[in-house]
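First listed ligand is number 1; within each ligand, the first listed atom is number 1.
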Amino acid sequence: MKTPLYGKDYVSLTDYDAAEFKFLLDMAVELKDKQKKGIPHTLLQGKTLAMIFQKASTRTRVSFEVAMYHLGGLGMFLSANDLQIGRGEPIQDTARVLASYSEGILIRTFSHQEVLELAKYSKVPVINGLTDDEHPTQALADMLTIYEEYGTLKGKKLAYFGDGNNVAVSLIHACALTGMEIVLACPSGYQPPAAALADFEKMKQPGASLAVVDDPKAAASGADVLYTDVWTSMGQEKEAQIRIQALKEYQVNGDLLKLAKPEAIVLHCLPAHREEEITDEMIECAQSRIFQEAENRMHAHKAILAALL
Ligand code: CP
Ligand code: NVA
């Protein structure tokens, strides 16, 4: 049976409307429930996903591979260094070749443009497993985690701290689609790109609002979710020291949690640099849902795969 999203790419949440995003979220809830009850959900028997990785990954790689296995298909890990892309084979040729062997292509790379190019030439759906600009598979798992906590997303306040990076951009998109309030506390020079704020205006559903502030306390005040990500993303290693200096006031710690709602939860996409963007205490505290969030990557990815492939 084909879903309404059959054949669609998952490159950016800007390509999704609220109903489509909700479809994925509902499917993730259903597939997680099936797995917990031991009910088989082999929706992709005989199908394969080619998974190109140009950057390191623990969660995205393993969760997609296991998701394909649980769905009855095969996830093929392909390190870009071992593929001919690493020796300069054009992406448009790679796209057509891999699409002739598999029912979907996942890619994690630096350039967002490269993923758009891959999608243009691939006849099978392309899934963005993170670029320098966006991390849309992460945002679906994050929304699933918040939904599990509160039973709703609409009107919930998510406060994001630190670097307005790829993870922040996809959270902006997801909050727009789900009617959430998002406040990003970022110092000057590290605010999310203007394009993401413009996307939010176009995508926002009733209840959604966005603010970018420089005071972390103002962002934390009354929040339902405190969220942070690394200060130095993959590819920015040379800037690490400058970034630590610029972002050190934006750490998620016990003082910030006190300003949030008493039942607020703490999220981080991982990997974390403990005692930099988040304290050890916050990762391990009773209000942390960070490892549930990581697990939810797999359930969310199953929904994306089952819906698109
Ligand atoms: N959060 C996330 O994408 O983790 P990995 O880099 O380990 O895939
Ligand atoms: N912003 C981080 C996310 C890692 C999952 C990075 O791009 O490295």
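By the 30° and 60° cut-offs, the orientation of the rings of H70 relative to H41 is perpendicular.
Considering backbone and side-chain atoms together, S57 places an N or O closer than 3.5 Å to an N or O of ligand 1. Residue T232 has no nitrogen or oxygen atom sitting less than 3.5 Å from a nitrogen or oxygen atom of ligand 2, judged on distance alone. By the 3.5 Å distance cut-off applied to N or O atoms, L270 is counted among the residues near ligand 1. Annotation: C269 places an N or O atom under 3.5 Å from an N or O atom of ligand 1; distance criterion only. Considering backbone and side-chain atoms together, H135 places no N or O closer than 3.5 Å to any N or O of ligand 2.
For Q292 and T145, the side-chain atoms include no donor-acceptor pair closer than 3.5 Å. Donor-acceptor pairing under 3.5 Å is recorded for the side chains of E148 and N296. Side-chain contact, Y190 with D214: no donor N or O sits under 3.5 Å from an acceptor N or O. K248 and Q251 are not linked by any side-chain donor-acceptor pair at a separation below 3.5 angstrom, with hydrogens and angles left out of the test.
Distance from atom 4 (O) of ligand 1 to its nearest protein heavy atom, with residue and atom name: R59 NE, 2.8 Å. Among all non-hydrogen protein atoms, the one lying nearest atom 6 (O) of ligand 1 is R108 NH1, 2.8 Å. With hydrogens left out, the protein atom closest to atom 8 (O) of ligand 2 is M234 N, 2.8 Å, a heavy atom. Nearest non-hydrogen protein atom to atom 7 (O) of ligand 2 is N166 ND2, 2.8 Å. At the shortest separation from atom 3 (C) of ligand 2 among protein heavy atoms lies D229 OD2, 3.6 Å. What sits closest to atom 4 (C) of ligand 2 on the protein, heavy atoms only, is L130 CD1, 3.9 Å.
Residue T58 approaches ligand 1 through these ligand atoms, each under 4.0 Å from one of its heavy atoms: 5 (P), 7 (O), 8 (O). Applying the 4.0 Å criterion to heavy atoms of H135 picks out, from ligand 1, the atoms 2 (C), 3 (O). The contact set between ligand 1 and R297, taken as ligand atoms under 4.0 Å from a residue heavy atom, comprises 1 (N), 2 (C), 3 (O), 4 (O).
K55 does not count as a contact of ligand 1, since none of its heavy atoms falls under 4.0 Å from the ligand. Residue L270 places a heavy atom under 4.0 Å from ligand 2.
Under the 4.0 Å criterion applied to side-chain N and carboxylate O atoms, R289 and E293 are not assigned as salt-bridge partners. Under 4.0 Å is where a charged nitrogen must lie from a carboxylate oxygen, and between K156 and E149 no such pair does. By the 4.0 Å N-to-carboxylate-O rule, E276 lies too far from R243 to be salt-bridged with it. The pair K36-D33 does not meet the salt-bridge criterion, since no charged nitrogen lies less than 4.0 angstrom from a carboxylate oxygen.
The option from G235, S233, G162, A56 that lies nearest to atom 6 (C) of ligand 2, judged by heavy atoms, is S233.
Considering only heavy atoms from C-beta on, L118 stays 4.5 Å or farther from E114 through its side chain.
Taking the centre of each ring, F77 and F64 stay at or above the 6.0 Å mark.
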